[in-house]
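As structure tokens, the structure follows; a few thoughts come after it.
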Amino acid sequence: LNWSCRSKGLQNTSLPESSLIVAAASDLTDVFQELGRQFTHEGQSQVIFSFGSTGALAHQIEQGAPFDVFVAASQSHVDMLEKQGLVLPGTQRVLCTGRIVLWQSEGSPVTVNCLEDLSLAGVKRIAIANPEHAPYGLAARQALERAGIWESVRSKLVFAENISQCRQFAETGNVEVAILALSLSRRPGGRFVLLDSSLHEPIRQTLCILRRTAHQRLSRQWVDFLLSPPGKAVLERYGFSV
Amino acid sequence: MASRFDWFPLGFSLQVSVLATAIALFLGVLLAWILARYRFRGREWLDAVVTLPLVLPPTVLGYYLLVVLGQRGWLGHFLESVLGITLVFTPTAAVIAATIHALPLMVKSVRATFEGINPSLENVARTLGAGEFRVFRTITLPLSWKGVWAATALAFARALGDFGVTIMIAGNIPGKTQTVSVAIYDAVQAGRDSEALVLTGIVSLSAVAILYLINLHAYRK
Amino acid sequence: MASRFDWFPLGFSLQVSVLATAIALFLGVLLAWILARYRFRGREWLDAVVTLPLVLPPTVLGYYLLVVLGQRGWLGHFLESVLGITLVFTPTAAVIAATIHALPLMVKSVRATFEGINPSLENVARTLGAGEFRVFRTITLPLSWKGVWAATALAFARALGDFGVTIMIAGNIPGKTQTVSVAIYDAVQAGRDSEALVLTGIVSLSAVAILYLINLHAYRK
Amino acid sequence: MLHIQLSKTYYPQQEPPFRLEISLELKQGITILFGPSGSGKTMTLRMISGIETPDQGIIRCGEVVFFDSASGRNLPIRQRKVAHVFQDLALFPHLTVEQNVSYGVKDLPSSQRMTRVGAILESFEIANLSQRRPERLSGGEQQRVALARALVTRPRVLLLDEPLSALDLAVKRSLLADLERLNQELQIPILYVTHDISEALTVGEHLVFLKHGQVAAQGDPWEILEKPEAAVVARLLGVENILQGRITSVSHENGTMTCDLSGCRIVVPLSNGSSNQPIRIGLRSRDILVSVQEPQGLSAQNLLPGKILSLESVAHEVHLLLDCGVPLRVTLTIGAARSLQLREGLPVWAVFKSHSCFILKEQALNEG
Amino acid sequence: MLHIQLSKTYYPQQEPPFRLEISLELKQGITILFGPSGSGKTMTLRMISGIETPDQGIIRCGEVVFFDSASGRNLPIRQRKVAHVFQDLALFPHLTVEQNVSYGVKDLPSSQRMTRVGAILESFEIANLSQRRPERLSGGEQQRVALARALVTRPRVLLLDEPLSALDLAVKRSLLADLERLNQELQIPILYVTHDISEALTVGEHLVFLKHGQVAAQGDPWEILEKPEAAVVARLLGVENILQGRITSVSHENGTMTCDLSGCRIVVPLSNGSSNQPIRIGLRSRDILVSVQEPQGLSAQNLLPGKILSLESVAHEVHLLLDCGVPLRVTLTIGAARSLQLREGLPVWAVFKSHSCFILKEQALNEG
Ligand SMILES: Nc1ncnc2c1ncn2[C@@H]1O[C@H](COP(=O)(O)OP(=O)(O)OP(=O)(O)O)[C@@H](O)[C@H]1O
Ligand SMILES: Nc1ncnc2c1ncn2[C@@H]1O[C@H](COP(=O)(O)OP(=O)(O)OP(=O)(O)O)[C@@H](O)[C@H]1O
Ligand SMILES: [Mg+2]
Ligand SMILES: [Mg+2]
């Protein structure tokens, strides 16, 4: 195991020791990159993002991942971490809630305007994130169920690993419709129909500061920035409800 | 969890892997033979390019494949409009995904084995009137069994283990294109740890058993 | 995009892959030698088990590794509390991840090559007073160069391409443990398609170049 | 029938290149390819079967052009129908003896193939090994399999690279007889590499002597000793004594000639030469007997009185140098030397048959 | 010095097993291992060097036990210090000639190693090939490298499996001389497998004759013909005529005995036997001359009048069967037969020297 020491030579990292590492769910990718730029711009330190699925990130945190702040796409994972005493007490907050949309790429052969249209014959396949583990997938399922078409469209469903992949399926024209996060729907190349938020449980983007952080002050600054009016404005612009 | 255990992914994966291994075996041996036997410009480049699928992260490779093979991709479009074949999100796609990862392993290992064969044996076969293909079939290939079996074992394992490419181009359609790798992933992600463990256990055991049989076959005598 | 291009993942991945390939080369050749040279009970089982990392979906493998090597894992805990070594989420973890996938390729290909060697040559070396290790070092190994190089090329490609295990145990921490595979994945996921393409292009080109050099070396003469 | 005219240069690193430059015309029947180790025999065979390509030249078998550098023609190995027994045998290790032997006759109808293969396995005494793999055969058994594998095909040309070197005399004889029968049957050129003189003389109708990559002599095996290159061949064949003299008389009825070698008179077999011509005679050291008392009643034989100059014992042999007017090298068994109590200075008689004398042509004088 | 007593059975599929059962006591010096193809010579060598393990028995070299099935001892190959030249040579293909040869002397100080290796390369005439890889060597060159590689070490035992089969006479002689020198120097047991009788007789101080995996005869190479197994050996050596008769007189001063073979009288070298004892004589077909007219003045030689029963020509040889009271097989060159215009029924005289006759012991009568 002495090569674990030798490999220290690898640590010619390009990031300063003082930078903040934020683990965030993938649906926050676009908005956080913008927020991160603004945060740094305001003279604060640099923020590094580690995007991934909420479940995987939570698992990594359990095993000692060196994150300072965790922003999950669901509340349950943060609750679980809190129970294990990995969260700095009192730092859990709901940042915002996500919305889902019906997304179609340009050039899709059918046009879908409401959930019920998913039953049309022209809609051969529908991509949703896996409802078992992706919060947006769960919301999609709930919406389909409440619209009463879950059973009828079930055979058309393709489960994506995560919400980004869901979009890729639609983007490449391999599914006619995808149920996506509103936050990822702003990218060019498609059209979307916002689904009513009453169709699903709120998708609470929950944040917390992790107990192991060495940058508590900086973490709080980042959280404060997120919760500040300018931060909220950006979140709203990207389709989150604050 | 509450639902009864789903055996589909296991059977499906087995079929896909066996099929993919067979295809990779055929194509890989063919390519390896061409690479070992014929000297042509760009031979080593071709060899290097064949290895490329190993270098790219599978999901990304899958994404690009999706772009090419998908309904809007030039190849996918051609297949669909001209031949009426749809690839993505079908079992065929799962086979393609598994093959793509198995092939480079096959080509490189087998080529090295082919080149290790004493050329005198091939020459003597030629003097006995054997054409190139007969030489290959009756001398080169049988003398390379060990290497070919080892490569087959690798290819099979790799085919079974592919996740990234599969989920991209075959999708994750339970009961239709869900391979066991994808099923395990899902279970882990969903926190169904015990199910994941059971699946992992079954896959590992059957894989070890199959690999063991291949080994026995390869190193027997 | 707007931000300037980040070269870190490329350099980092190269270092990780080279290191992992070197480790896999060493361990793999050693294991292959033991498997080829010594007959012991369970030899073929060991061989089959060594291949196992290829069978499991990488992310899942990574998940389980994390359970074992992480701070709460028994091994990770032991290393941290007793030796003060943290493995996960460090560059070391990236090396481990890459090694795990490279090793089976190494072991299986190299073993097949070792077993293809005429035993007379090893015997004659023994009659000339060479001990087992000298026989290995001066006869078996040099006669297996082609196979070993082919396996090294595979191992290197695989080390470079690992994504699932790396992202689990090394994490996706830009500038610290983000390998190029993970970076490409990240870029694709974030819709930074052009960045993903550029990275893919660079990785593919450099991988092909490196593999080409390995090939030239392996098949030269 | 087989016309060969080729050249090829090998460039080993750090050494002077080896140049093979050969021009041969082989008729049907067995031609012995003879020459010191490293003279290019194997090379020549490899060019004919097509395993190696000459730098330039032409190889033609009857109407069929195997290779022609002028027209750029190079017939693929398999179309040449040249059966080639390699020096290192190259048996297929994964096939049984029977499968090895029948490899080249796969195109025959099965019954015919089985008869032919069965017959050759039988006559090569390897039928009982037919289900074995080569690794389980002894060296001589392997050699027989390799030979059978080549002979069972009906080739245009047969190339044999020391095919009997690992066999004992009894087996060798029987295989040579088989080969001879085959030769009568096939009527093709057979090129036979050997180092064994008796093998060469038994089997060969024609002998080609290769040296440093060039044909140094060729012709009838028994006559080749009269060729210009003879002195070299003679030394190679173990003819240690080369005596120089003059013919004094020729007896046609006896088939002998009498020669004078610096004073001593010897009788040699008849050859074309006449009285007073110079002559050169080769005589093997093993063909000379030594007598310590004047031999009685051996009037027709050669008897040269002399004395022992030196005596050196090597293993079970004793090498003597005699002075009988001419220096004579003699090899005896140690038993013989012991029983005769030979020692330096002892007066002895050298005794040898006229038929032990080879007559070398005059030109041989110019050669080392 | 080398004590061998072992047995091992090989079970090929579908065939009767081959059983090797050997008991030998080798002294220092060269022992020839002789026997037909497939008699177990290579096997025996492989057991001694440790490459194969006997089923049971003991192999001991002086004080050092190589193998003992009773005590379960099996010394690893490398500790046996047995130099073994394989029948298939097994040169290291990736090493140069020089590296091959110096492989076994890596432990010597570098200067000493270089001198020793250099010397042996020189004396084996392969110094100019020292930088080449084996694939670029001719068959004979390879054989010399393999031999040099084994001889350069200072082993306890030297095993040579047909080490000179691919070499021409000149090189063979010089290597045999080298071997002889080495034998004087090293004072170790050397086991030498060969099929070549003259090689065997030249080099061997002791001969072991193997047959069907068993020692059929052993002893002085020249005396072994008198051993019970002699008839087989004789046939193997190409002694085609085995004549049976009775000693009529013994002449100690001439070193000859006179025998009566169903009416015809022949003279043979002296052996221990006395008047009226039965005797069996071996005579090679090549050692008999034929004369078409009664030979003149050959009083001391054997002259048997008879006639040609049959005449068969094989390649450049003619095989005659004569009836001289006893049947006699004679081999002549075709040239000789032609010039004498031999044909069936022609009356001829068979002529042979008494020294051409081998005396076989009476027990040989019982053998095939
Ligand atoms: N690939 C090669 N490159 C360079 N030189 C070579 C090569 N192969 C053979 N030689 C040399 O060419 C010469 C002729 O080799 P060849 O094998 O024809 O000899 P040979 O007459 O068959 O001898 P032998 O009776 O010992 O088998 C030898 O001196 C050999 O060292
Ligand atoms: N692995 C094996 N299994 C079964 N039989 C074998 C095996 N190896 C050799 N034999 C048989 O054992 C016998 C003795 O073989 P060995 O090689 O010792 O013969 P040899 O005396 O060296 O003959 P040669 O002079 O032809 O080399 C042969 O009949 C051979 O076919
Ligand atoms: Mg040769
Ligand atoms: Mg043998």
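All values reported here derive from a predicted model rather than from experimental measurement. Within every chain, numbering begins at 1; the chains are lettered A, B, ... in the order of the sequence lines, protein sequences first and strands thereafter.
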**OP:** Evaluate whether atom CD of Glu25(E) has more than 12 neighbouring non-hydrogen atoms of other residues, nucleotides or ligands under 6.0 angstrom away.
**Re:** yes
Original post:
Quick one: does Ser120(C)'s side chain get under 4.5 Å of Leu89(E)'s, heavy atoms only?
Top reply: no
Subject >> Phe86(E) versus chain C, the contacting section by heavy-atom distance below 4.5 Å >> reply: side chain
Subject >> More than 12 heavy atoms from other groups under 6.0 Å of NZ on Lys106(E) >> reply: yes
**OP:** Kindly compute the distance separating CZ (Arg78(E)) from CZ (Arg134(C)), expressed to the nearest 0.5 Å.
**Re:** 11.5 Å
Subject >> Note, Thr127(C) side chain near Thr153(E) side chain (heavy atom, < 4.5 Å) >> reply: no
Original post:
Judged by atom type as modelled, is there a donor-acceptor pair below 3.5 Å linking the side chain of His84(E) to the main-chain atoms of Leu128(C)?
Top reply: no
Subject >> Contact origin within Leu159(E) toward chain C - heavy atom pairs under 4.5 Å >> reply: neither
**OP:** Check whether any side-chain heavy atom of Arg80(E) lies under 4.5 Å from a side-chain heavy atom of Arg126(C), and answer yes or no.
**Re:** no
Original post:
Once you round to the nearest 0.5 Å, how far does CD1 of Ile77(E) lie from CD of Glu122(C)?
Top reply: 10.0 Å
Original post:
Within a reach of under 6.0 Å around NZ of Lys8(E), are more than 12 heavy atoms found that belong to other residues, nucleotides or ligands?
Top reply: yes
Original post:
Near Trp45(C) CH2, under 6.0 Å, is it more than 12 heavy atoms from other residues, nucleotides or ligands?
Top reply: yes
Subject >> Contact class of Asp88(E) relative to chain C, heavy atoms under 4.5 angstrom >> reply: side chain
**OP:** Identify the heavy atoms of Leu91(E) and Leu121(C) that sit nearest to each other, and give their distance.
**Re:** O-CD2, 3.2 Å
Original post:
When Phe92(E) is tested against each of Leu143(C), Val124(C), Thr138(C) for side-chain contact (heavy atoms from CB on, under 4.5 Å), which residue passes?
Top reply: Val124(C)
Original post:
For His77(C), does the NE2 atom sit with more than 12 other heavy atoms under 6.0 Å from it, leaving out its own atoms?
Top reply: no
